[in-house]
Amino acid sequence: MEESTKQAVNRAISTMRENLGEQLTVDDMARAAMFSKFHFTRIFQRTTGVSPGRFLSALRLQRAKQLLISTTLNVADISLRVGYNSVGTFSSRFTRSVGMSPTTYRRRAGYAPQIATDPEPAPLSEARVHGRIPSQPGRPNGPVFVGLFTDRIPEGRPVRCAVLPDGGYFHFDTVPPGTWYLLAQAVDTNAGGRPDEANRPIAVASEGPLTVAWNSDIRVDLDLQPIQSIDPPVLLALMDSRKLALARVAAEQQAAETPLSAAPVMITKLRESDRTAA
């Protein structure tokens, strides 16, 4: 990517962040990037993977998530602050993208009790998507969420997902035929604070679109990198990675203390809990 193009897109994104409560148009963003509207739209889509309008909408919901858990503003005030004239429209879009209503998100301090996936169609396909996310020095220290989504922005219900203790291998069986995006995120569990707090170490990775046929076997290895301003925000509410890490440690300790003859049962239960958590 040319540096001048990246700088132009960053200027547009900075304009979005500084004016989330305003009714920005593509013309406004193009002026900030110093390009014509049509050229700007093309380079923005090529650089970020989504249109300027979709990126702006995601930034608004990301900011709403932050305000819900860091202020006492009511939902109506927050919706106005992030550019929505209708609190009903804001609430429905927030719920669809984040996985819970604004009031529930606030009550749960920004964390999801579990991550639901889309119902499996019948009959099940034989398609498989699998790969590896390696551990790397300097990467956020904690569990890694990985999922298959319909869009470049991680929002709504994934079709398949998993939570890995610290990277490693993942595999999704019976993946429905279609076009999917594989997205991963790691947040530093040692940083403390709330899930959408600014300046927390976050690493992300993505691959797609992946075209999955009825019996596809697709291998994708992901390389997590520090999140950049041009990366679309993760809107889906994720599980508390600190609690998840503690639960895994407790399960591993219990398995270690179990007699060898009972060990297979404990491993089966742990895998079942992984699927539920994911």
Side-chain angles (χ1 to χ4, degrees), residues 9 12-33 37 40-41 44-45 48-119 145 147-159 161 178-181 183 185 194-198 204 206 227 229-239:
V9 171
I13 292 174
S14 294
T15 298
M16 295 180 192
R17 293 184 186 278
E18 294 165 3
N19 299 276
L20 291 177
E22 306 299 323
Q23 298 306 308
L24 286 177
T25 66
V26 176
D27 289 311
D28 296 327
M29 303 176 209
R31 278 194 294 271
K37 178 171 70 173
F40 165 71
T41 300
F44 194 97
Q45 177 95 33
T48 67
V50 298
S51 69
R54 288 281 291 114
F55 201 100
L56 175 60
S57 177
L59 288 179
R60 284 174 167 157
L61 292 178
Q62 180 190 47
R63 179 57 179 155
K65 289 168 67 180
Q66 294 167 348
L67 292 172
L68 282 166
I69 59 178
S70 64
T71 73
T72 58
L73 292 170
N74 61 43
V75 173
D77 288 338
I78 289 175
S79 68
L80 288 173
R81 287 202 178 198
V82 297
Y84 286 86
N85 293 324
S86 165
V87 66
T89 300
F90 164 72
S91 294
S92 63
R93 289 184 181 174
F94 187 98
T95 302
R96 184 172 65 248
S97 295
V98 178
M100 63 184 78
S101 70
T103 52
T104 301
Y105 186 82
R106 168 174 275 168
R107 186 174 69 251
R108 291 176 173 165
Y111 290 112
Q114 63 181 13
I115 301 172
T117 56
D118 278 337
F145 170 84
L148 282 171
F149 292 84
T150 59
D151 196 13
R152 175 69 176 79
I153 296 176
E155 63 179 343
R157 287 189 172 190
V159 66
C161 65
T179 300
W180 312 108
Y181 289 82
L183 305 166
Q185 181 188 43
R194 300 181 175 94
D196 290 291
E197 212 162 32
V204 295
S206 65
I227 194 167
S229 60
I230 60 174
D231 289 317
V234 175
L235 298 182
L236 177 68
L238 301 180
M239 298 179 65

Just wondering, do L20 and L56 contact through their side chains at under 4.5 Å, heavy atoms?
-> yes
Run the side chain to side chain contact (heavy atoms under 4.5 Å, CB included) check on I78 and Q66 step by step: do they pass?
-> CA-CA 10 Å; I78 289 175; Q66 294 167 348; over 6 Å; no
Please name the pair of heavy atoms, one in K65 and one in L236, separated by the smallest distance, quoted to 0.1 Å.
-> NZ-O, 4.1 Å
How long is the gap from CG on L235 to OG on S57, to the nearest 0.5 Å?
-> 7.5 Å
Enter the distance from C161:SG to M239:CE here, rounded to the nearest 0.5 Å.
-> 9.5 Å
Report the distance from atom CD of Q45 to atom CZ of F40, rounding to the nearest 0.5 Å.
-> 11.0 Å
Of the non-hydrogen atoms in M100 and A237, which two are nearest, and what is the gap between them?
-> CE-CB, 3.8 Å
Nearest 0.5 Å please: distance from the OG1 atom of T15 over to the CZ atom of R31.
-> 10.5 Å
Derivation of the side chain to side chain contact (heavy atoms under 4.5 Å, CB included) call for R54 and T48 = CA-CA 10 Å; R54 288 281 291 114; T48 67; over 6 Å; no
Rounded to the nearest 0.5 Å, what's the gap from CD on E155 to CZ on R96? Could you check?
-> 7.5 Å
Looking at side-chain heavy atoms only, is the closest gap between V234 and L183 below 4.5 Å?
-> no
Least distance between heavy atoms, I69 atom then G110 atom = CG2-N, 3.7 Å
Derivation and outcome, side chain to side chain contact (heavy atoms under 4.5 Å, CB included), residues T104 and F94 = CA-CA 11 Å; T104 301; F94 187 98; over 6 Å; no
What are the two closest heavy atoms between L24 and M16, and how far apart are they?
-> CD1-CA, 3.7 Å
Shortest non-hydrogen contact from Q62 to P233?
-> NE2-CB, 3.3 Å
Closest non-hydrogen atom pair between A76 and S79, with its separation = O-OG, 2.6 Å
Any side-chain heavy-atom pair of F44 and M29 under 4.5 Å = no
So, do W180 and T150 sit near enough that their side-chain heavy atoms are less than 4.5 Å apart?
-> yes
Gap between atom CG of L73 and atom CZ of R81 - 0.5 Å precision = 4.5 Å
When you look at R107 and L68, which way does the side chain to side chain contact (heavy atoms under 4.5 Å, CB included) test go after all the steps?
-> CA-CA 9 Å; R107 186 174 69 251; L68 282 166; over 6 Å; no
Mind checking whether Y105 and T95 have side chains closer than 4.5 Å, heavy atoms only?
-> no
Side-chain donor/acceptor of S92 to backbone N/O of T89, under 3.5 Å = yes
T41 side chain reached by S51 side chain, heavy atoms, under 4.5 Å = no
Is V82 close to L61 at the side-chain level, that is, under 4.5 Å between some pair of heavy atoms?
-> no
Side-chain heavy atoms of R157 within contact of P119, under 4.5 Å | yes
